[in-house]
Amino acid sequence: MAVRVTVGYCPVDDQMQGDSGVPWGATVTPFAIVDETGTPPLYGTKGHLLPRCESCWGYINSLCDIEHYAWNCSLCDTSNVLSDSQATRYTSQSCPELSSSFIDLELEEDSTAADQDFQARPVFVAAVDLSASEEFLELVKSALLAALEALGPGVLFGLVTFCHKIGLYDIQGPVPVVKHVLIPPDMDGQVPVELNDAMPLQSFLAPVDTNKDNIAAALETLRPTSSWERTTAAGQGIEGVTMGGRGFGVAMDSLLKYLGAEHGVTFAIARVFAFLSGPPDYGAGQLDTRRYGEQYAFKGEDADKALLPEQTSFYKDLAAMAVQAGVCVDIFAISNEYTDLASLKFLCIESGGSLFLYSNMDDATLPQDLYRMLSRPYAFGCVLRLRTSSQFKPARAYGHFFLDPQYENVQHIICCDTHATYAYDFEFSGTTGFSRTLEAPPVLQVAFQYTVMVASEENEKSGLIGFQGQRYVLKRRLRLHTVQLGVARSINELYESVDSDVVLSILTHKIIHASLEDGVKEGRLLLHDWLVILTAQYNESYKLARYGQTNTLSKLDVAFSQCPKLQVLPRLVFALLRNPLLQLHEEGVHPDYRIYLQCLCSALEPSSLSCVIYPVLSSYASPDKQAYPRHSLSRAALITSGSPIFFLDAFTTLVVYYSSTVDPALPFPPPQSCLLRTLINKLKQERSITPKLVMIRGGHDDTEPFDHFLIEEQDVDGAGIGNGMGFVSFLDRISRDVQEYMQ
């Protein structure tokens, strides 16, 4: 569990927080295998016996003062009584909770779960769109065949198709048996036959270890529904719009009910991988794609604002059903047409799943992404709670979760992998703030309860691990991370403790939220104004330019030259304004791509997000020797460095660029054994999604895939060709606005 804060030294009170201009918050990656310092947790047992504060319900930890029969809570300073057995345990400091601030304890096993061997089997269901092309289905088939290799023994797999009808596959024999259920075309229609009546779940879910060949054979039978069959079934759509026969909404509704009836009986966790080739346009949950077009220019509407909200609550309601059913839904949209991901995204993000978009089938990394997703460890049935010292509290939480309907500041996550990250804003609980004497320093404690599936000890005794007889058991665990923070004695000290990656993460969450509420233009204005205010406050704090003193404005410093921790922020803001997240509709940003980016960026840990917003550009003297680890994203930096090879890491894309003046003796592409290629392979292995690798030789290949990342020579409003003044003119604009603000 990694916990990173925007400032290592907290503001002493509300006034310092406001005067600093720096967001106050934290990011949490709860299932990360190490903490923010790279330290793994101390493991232990009997987590259910861990003492809790009777006032704030925080857990005892290594920061608490322990007396013989009492302990003081490090969060709220309440004195709590220890029982005899607890007092005996804590006379020794060897227990995990008093030895480390980061622990992972096993909770008491549920006796009912222990008796049900079948319940510990994970379920994976592929839902495939048949109102698609042959190329789409070939890509999906290759992805599912790759997925089968990642699924371990004991896993149950189901295959369902949808178009104007739902197809359930019995794949437990050499010849697949398909049962079809028609989808009614009306907007509020329900299937005429429940899926369980068409095919019992025990026939639908097949053990992967004994049916791999049968599953592969069933995948080979998938064929696109003919356009004639779809048109005949669909007939005339709502208000004269012809429907294409993609009944995704009804298919998902029926599938969730089908699986949900057996949650906790047949399975512990189910994941549905939905492969979509276009927008749902048939039956309940169909989406009107006419809202994407030029009509906003004629109506005078803000297209960026109009295309971001969902047009129906249907998929948000489906997400609530998925949560109740214990089902996590991942959507893989493989389409270059408008699919309205703004409406569909809720089914993923609120059920703990992910949203993927592939606009080009030729270079789609779907097979690699699906294999990577299934190969990663994951936790399910998770509950996340962040507690703080009594002087401050979480003001808002961001991320892919759903809030507990009863308890404040409790988030539920159906499925959580090692990359999933959540963010919090902090605010003061009252007017007093923190003590400057540090008698009670700020403390935050993150509690993460989760379930994992582990190999049964019986496997180890009988040597069954890795074979068809492998069995799994459910383990419920409690992971705790308690972090003590400092208190800044001045704004300057607060500035010098800034973590720019975490600041960018909190800003991105805020800007995404503002864009969804008030439109992209408003989000851009808020970000620009934030940098103006921060720059003004920094100048005031360092006694450079001063408020109301026009004679000092000549000393204005917009580069934060006296505070290295802040120096990168103008570049990050400039890059965020250039990012498709905040580019305008008329600049050619596809609304589905914007939604995909919102979902991606709101789940990334801070260092990865920083890479997305402002890619890392490094240079190499040869494939085996790095020249400089970091350059600004400008052509001037390339020229002045004098290096022949450049490597750019934009998280989703990796670019190797050989300059046109490179020595012909240097091998292209870089050999597999060289330093550069080793780094590329390492990055590809660590990523949550598969980055595309692009190799470019200047003077031979099209350099646009590399050039478009050199954003510092592009105008901040995205107008036309880079003129060499992009970032420079942006700073000039900030300087003028700061002067006006300070006057």
Side-chain angles (χ1 to χ4, degrees), residues 1 3 28 30-33 35 39-116 119-120 264 268 379-390 404 406-413 416 443-457 472-484:
M1 178 189 292
V3 178
V28 178
F31 201 51
I33 56 176
D35 69 9
T39 306
L42 278 186
Y43 290 93
T45 56
K46 300 182 179 178
H48 56 287
L49 299 179
L50 203 63
R52 301 184 67 176
C53 176
E54 62 184 24
S55 176
C56 71
W57 291 97
Y59 293 87
I60 195 170
N61 57 78
S62 58
L63 299 176
C64 295
D65 294 326
I66 311 285
E67 297 176 5
H68 189 53
Y69 280 99
W71 63 282
N72 272 23
C73 177
S74 60
L75 295 168
C76 67
D77 204 34
T78 298
S79 180
N80 298 273
V81 176
L82 291 171
S83 66
D84 289 342
S85 59
Q86 290 170 339
T88 302
R89 174 178 172 83
Y90 295 129
T91 53
S92 166
Q93 294 288 312
S94 61
C95 51
E97 59 265 36
L98 298 188
S99 304
S100 172
S101 63
F102 181 26
I103 60 173
D104 195 303
L105 306 179
E106 197 170 302
L107 297 172
E108 188 173 34
E109 188 173 6
D110 185 349
S111 58
T112 57
D115 296 337
Q116 296 173 0
Q119 186 181 342
F380 58 92
C382 314
V383 183
L384 182 64
R385 174 73 191 264
L386 184 145
R387 292 181 174 86
T388 60
S389 303
S390 54
D404 190 281
Q406 183 177 359
Y407 297 103
E408 193 178 9
N409 295 325
V410 175
Q411 293 89 39
H412 293 265
I413 305 159
C416 181
V443 175
L444 58 88
Q445 183 180 77
V446 183
F448 183 61
Q449 241 186 70
Y450 65 98
T451 299
V452 288
M453 216 163 291
V454 296
S456 169
E457 292 179 3
Y472 292 86
V473 292
L474 301 178
K475 294 289 185 184
R476 190 73 176 163
R477 296 185 184 276
L478 171 64
R479 182 171 288 193
L480 287 174
H481 191 9
T482 309
V483 180
Q484 187 176 80

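Throughout, residue positions are numbered sequentially from 1 according to the sequence presented.
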>> Among residues at least two apart in sequence or on other chains, which ones pass side chain to side chain donor-acceptor pair (under 3.5 Å) with Thr482?
In response: Gln445
> Are any of the side-chain heavy atoms of His481 and Asp35 separated by less than 4.5 Å?
Replying inline: yes
> Does the side chain of Pro41 reach to within under 4.5 Å of the side chain of Met1, using non-hydrogen atoms?
Replying inline: no
> Who pairs with Ser62 by side chain to side chain donor-acceptor pair (under 3.5 Å), at least two apart in sequence or on another chain?
Replying inline: none
>> Can you give me the closest heavy-atom contact between Thr388 and Leu386, atom names plus distance?
In response: CG2-CD2, 3.4 Å
> Going from CG on Leu478 to CD on Glu97, what distance comes out if it is rounded to the nearest 0.5 angstrom?
Replying inline: 10.0 Å
>> Would you compute the distance between atom CG of Asn80 and atom CD1 of Ile66 and round it to the nearest 0.5 angstrom?
In response: 9.5 Å
> What closest approach, in Å, do Leu384 and Phe448 show between heavy atoms, and which atom pair accounts for it?
Replying inline: CD1-CD1, 3.9 Å
> Measuring from Leu98:CG to Tyr90:OH, what's the distance to the nearest 0.5 Å?
Replying inline: 6.0 Å
>> Please find the pair of heavy atoms, one from Ile103 and one from Pro96, that lie closest to each other, and give the distance.
In response: CG2-O, 3.3 Å
> Taking C-beta and beyond as the side chain, do Gln449 and Cys382 meet within less than 4.5 Å on heavy atoms?
Replying inline: no
> Among all residues two or more places apart in sequence or in another chain, which pass the side chain to side chain donor-acceptor pair (under 3.5 Å) test with Ser100?
Replying inline: none
> Hey, are the side chains of Leu444 and Val3 touching, using non-hydrogen atoms and a 4.5 Å cut-off?
Replying inline: yes
Just distance, no hydrogens or angles: give the donor-acceptor pairs under 3.5 Å from side chains in residues 45-60, sequence neighbours left out.
unit_1 : atom_1 : unit_2 : atom_2 : d
His48  : ND1    : Glu108 : N      : 3.2
Arg52  : NE     : Trp57  : O      : 3.1
Arg52  : NH1    : Tyr59  : OH     : 3.4
Arg52  : NH2    : Trp57  : O      : 3.0

> How many angstroms lie between OG in Ser101 and CG in Leu63, if you round to the nearest 0.5 Å?
Replying inline: 7.0 Å
> Under a 4.5 Å cut-off applied to non-hydrogen side-chain atoms, are Leu42 and Phe102 in contact?
Replying inline: no
>> Give me the atom names and distance for the closest heavy-atom approach of Arg479 to Ala32.
In response: NH1-O, 2.9 Å
> Of all residues at least two apart in sequence or in a different chain, which pass the side-chain contact (heavy atoms from CB on, under 4.5 Å) check with Val452?
Replying inline: Phe31, Ala379, Tyr450, Val454, Lys475, Arg477
>> Taking Asp84's backbone N and O only, do any of them form a donor-acceptor pair with Thr88's side chain (distance below 3.5 Å, no angle check)?
In response: yes
>> The criterion is side-chain contact (heavy atoms from CB on, under 4.5 Å); which residues satisfy it with Thr451, sequence neighbours excluded?
In response: Phe380, Leu474, Arg476
> Residues two or more places apart in sequence or in another chain: which of them pass side-chain contact (heavy atoms from CB on, under 4.5 Å) with Ser389?
Replying inline: Gln391, Phe392, Val443
> What's the shortest heavy-atom distance between Gln86 and Leu82, and which atoms?
Replying inline: OE1-CA, 3.5 Å
>> Counting C-beta onward and ignoring hydrogens, is there a side-chain heavy-atom pair between Leu75 and Ser390 closer than 4.5 Å?
In response: no
Exercise answer: donor-acceptor pairs, residues 406-413 side-chain atoms, under 3.5 Å, sequence neighbours excluded:
unit_1 : atom_1 : unit_2 : atom_2 : d
Gln411 : OE1    : Tyr424 : OH     : 2.7
His412 : NE2    : Asp404 : OD2    : 2.6

>> Tell me every residue that passes side chain to side chain donor-acceptor pair (under 3.5 Å) with Asn72, counting only those two or more places apart in sequence or in another chain.
In response: none
